[in-house]
**Student:** 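Take a look at the following structure, please.
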Amino acid sequence: MGIHRLNHAVLYVSDLERSVAFYRDVLGFRRVPMTPEGFRGAAFLQAPDSTNDHDLGLFEIGAAAGASQAGRATVGLYHLAWELDTLDELSATAERLAAAGALVGASDHGTTKSLYGRDPDGLEFEIVWIVPAELLDDAALAARTRIGRLDLDRERQRYGGQTRGGVGISVPV
């Protein structure tokens, strides 16, 4: 089986337009006109630099919907992770998430630098920059076994704010 990437994810949301606005205004997704005729309560979104026909499907189930109990009381998906190209983009995303009250964490995983956010329904997601293969060193590789505090300014000084992440790992050379 030759799976090579995630094409899209589908989320159930309580308020479709509120969720569309969040993913559009905070993360830069755009709405893709592909909702079947006569079908209400769904939206399909594409990430800014994606080559997928859509990356996120949102299906409204209404305001009476309870919060997800995945990981607390039920099995289920913990989060989705989206990759950015540069640490400057990661820093700008941190600012947008914080301004929206949606930034819930930031971690240094050695080879990845991660932000964690929650959408209006409390569904968690990760935004990540991956150290390019040519810049991996023993310290970064050893740090994969711990979760450290992310210092974006230090990482930008170390790797460069405009260094393209993931090259040789998630992005072909």
**Student:** Carefully, step by step, assess His8 and Phe44 under the rule side chain to side chain contact (heavy atoms under 4.5 Å, CB included).
**Tutor:** CA-CA 10 Å; His8 68 273; Phe44 299 90; over 6 Å; no
**Student:** Below 4.0 angstrom, N of the basic side chain to O of the carboxylate: do Arg158 and Asp137 qualify?
**Tutor:** yes
**Student:** For the residue pair Ser114 and Glu126, what are the closest heavy atoms and their distance?
**Tutor:** OG-OE2, 2.5 Å
**Student:** What distance do Asp153 atom CG and Leu87 atom CG have between them, rounded to the nearest 0.5 Å?
**Tutor:**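 Going from the CG atom of Asp153 to the CG atom of Leu87 covers 10.5 Å.
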**Student:** Show the nearest heavy-atom pair for residues Asp55 and Ser50, with the distance to one decimal.
**Tutor:** OD2-OG, 2.9 Å
**Student:** Working to the nearest 0.5 Å, report the span between OG1 of Thr86 and CD of Gln162.
**Tutor:**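 Reported value, rounded in 0.5 Å steps: 4.5 Å.
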**Student:** Does some side-chain heavy atom of Lys113 sit less than 4.5 Å from a side-chain heavy atom of Tyr159?
**Tutor:**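 They are in side-chain contact.
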**Student:** Is there a donor-acceptor contact under 3.5 Å from the side chain of Ser107 to the main chain of His109?
**Tutor:**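 No, the answer is negative, given that no donor and acceptor are paired below the 3.5 Å cut-off.
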**Student:** When you measure from the side chain of Arg118 to the backbone N and O of Val104, does any donor-acceptor pair fall under 3.5 Å?
**Tutor:**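 No; zero donor-acceptor contacts below 3.5 Å.
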**Student:** Before you tell me yes or no, could you show the steps for Leu115 and Leu150 under side chain to side chain contact (heavy atoms under 4.5 Å, CB included), namely the whole-Å CA-CA distance, both residues' side-chain angles and the distance that decides it to 0.1 Å?
**Tutor:** CA-CA 9 Å; Leu115 304 175; Leu150 178 62; 4.2 Å; yes
**Student:** When hydrophobic residues are tied together by side-chain contacts of less than 4.5 Å, even through go-betweens, does Leu135 share a cluster with Val171?
**Tutor:**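 Per the 4.5 Å side-chain linkage, Leu135 and Val171 are not co-clustered.
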**Student:** To the closest 0.5 Å, what do you measure between CD (Gln157) and CG (Leu152)?
**Tutor:**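 Answer rounded to 0.5 Å: 11.5 Å.
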**Student:** Are side-chain heavy atoms of Ile169 and Pro132 found at a separation under 4.5 Å?
**Tutor:**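 A side-chain contact is absent here, since even the closest heavy-atom pair is not under 4.5 Å.
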**Student:** Could you go step by step and tell me if His79 and Tyr116 meet the side chain to side chain contact (heavy atoms under 4.5 Å, CB included) rule?
**Tutor:** CA-CA 9 Å; His79 69 253; Tyr116 296 90; 4.0 Å; yes
**Student:** Would a distance-only check, ignoring hydrogens and angles, find a side-chain to backbone donor-acceptor pair under 3.5 Å from Glu124 to Tyr78?
**Tutor:**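 Not a single qualifying donor-acceptor pair exists.
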**Student:** Starting from Phe29, can I reach Val32 by hopping between I/L/V/M/F/W/Y residues whose side chains sit under 4.5 Å apart?
**Tutor:** no
**Student:** Which is it for Thr111 and Ile130 under the side chain to side chain contact (heavy atoms under 4.5 Å, CB included) test, yes or no, and what are the steps along the way?
**Tutor:** CA-CA 6 Å; Thr111 58; Ile130 300 172; 5.5 Å; no
**Student:** Do Ser14 and Glu60 meet the criterion of a side-chain donor-acceptor pair at a distance under 3.5 Å?
**Tutor:** no
**Student:** Compare all side-chain heavy atoms of Phe125 with those of Leu97 and state whether any distance is below 4.5 angstrom.
**Tutor:** yes
**Student:** Rounded to the nearest 0.5 Å, what separation is found between the CZ atom of Arg24 and the CG atom of Leu45?
**Tutor:**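 Interatomic distance, Arg24 CZ to Leu45 CG, rounded to 0.5 Å: 9.5 Å.
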**Student:** Applying the side-chain contact (heavy atoms from CB on, under 4.5 Å) test to Phe22, which of Asp119, Asp15, Leu58 qualifies?
**Tutor:**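 Of the listed options, the one satisfying the test is Asp119.
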**Student:** Classify the side-chain pair Thr51/Arg5 by whether it contains a donor and acceptor separated by less than 3.5 Å.
**Tutor:**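 There is such a pair between these side chains.
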**Student:** Is the number of heavy atoms from other residues, nucleotides or ligands within 6.0 Å of CZ (Arg146) greater than 12?
**Tutor:** yes
**Student:** Does the pair Arg154/Asp108 count as a salt bridge with the N-to-O cut at 4.0 Å?
**Tutor:** yes
**Student:** Return the minimal non-hydrogen interatomic distance between Ala43 and Arg31, and the atom names on each side.
**Tutor:**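 Of all heavy-atom pairs spanning Ala43 and Arg31, the closest is CB-NH2, 3.4 Å.
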**Student:** Looking at Val128, Leu6, Leu27, which hits side-chain contact (heavy atoms from CB on, under 4.5 Å) with Trp82?
**Tutor:**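 It is Leu27, the one option of Val128, Leu6, Leu27 that forms the side-chain contact (heavy atoms from CB on, under 4.5 Å) with Trp82.
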**Student:** So which heavy atom on Arg164 is nearest to which on Val167, and how close?
**Tutor:**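 The answer is O-CG2, 3.7 Å.
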**Student:** Less than 4.5 Å apart, any side-chain heavy atom of Leu56 and any of Tyr23?
**Tutor:** yes
**Student:** From Leu90 CG over to Leu84 CG, what is the distance, rounded to the nearest 0.5 angstrom?
**Tutor:** 6.0 Å
**Student:** Which pair of heavy atoms, one from Val173 and one from Gly168, lies closest together, and at what distance?
**Tutor:** CG2-CA, 3.6 Å
**Student:** Counting heavy atoms not belonging to Tyr12, are there more than 12 under 6.0 Å from its OH?
**Tutor:**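 Open.
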**Student:** Looking only at heavy atoms, which two atoms of Ala98 and Leu103 are closest? And how far apart?
**Tutor:** N-CB, 3.8 Å
**Student:** Is any side-chain N of the basic residue among Arg96 and Asp25 closer than 4.0 Å to the acidic one's carboxylate O?
**Tutor:**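 Looking at Arg96 and Asp25, the cut-off is not met.
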**Student:** May I ask you to check whether Gln69 and Thr74 show a side-chain donor-acceptor distance below 3.5 Å?
**Tutor:**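 No donor-acceptor contact under 3.5 Å links the two side chains.
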**Student:** Do Val13 and Val20 have side chains that approach each other closer than 4.5 Å (heavy atoms only, starting at C-beta)?
**Tutor:** no
**Student:** Mind checking the CG-OG spacing from Leu77 to Ser68? Nearest 0.5 Å is all I need.
**Tutor:**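 Between Leu77 CG and Ser68 OG, I get 8.5 Å after rounding to 0.5 Å.
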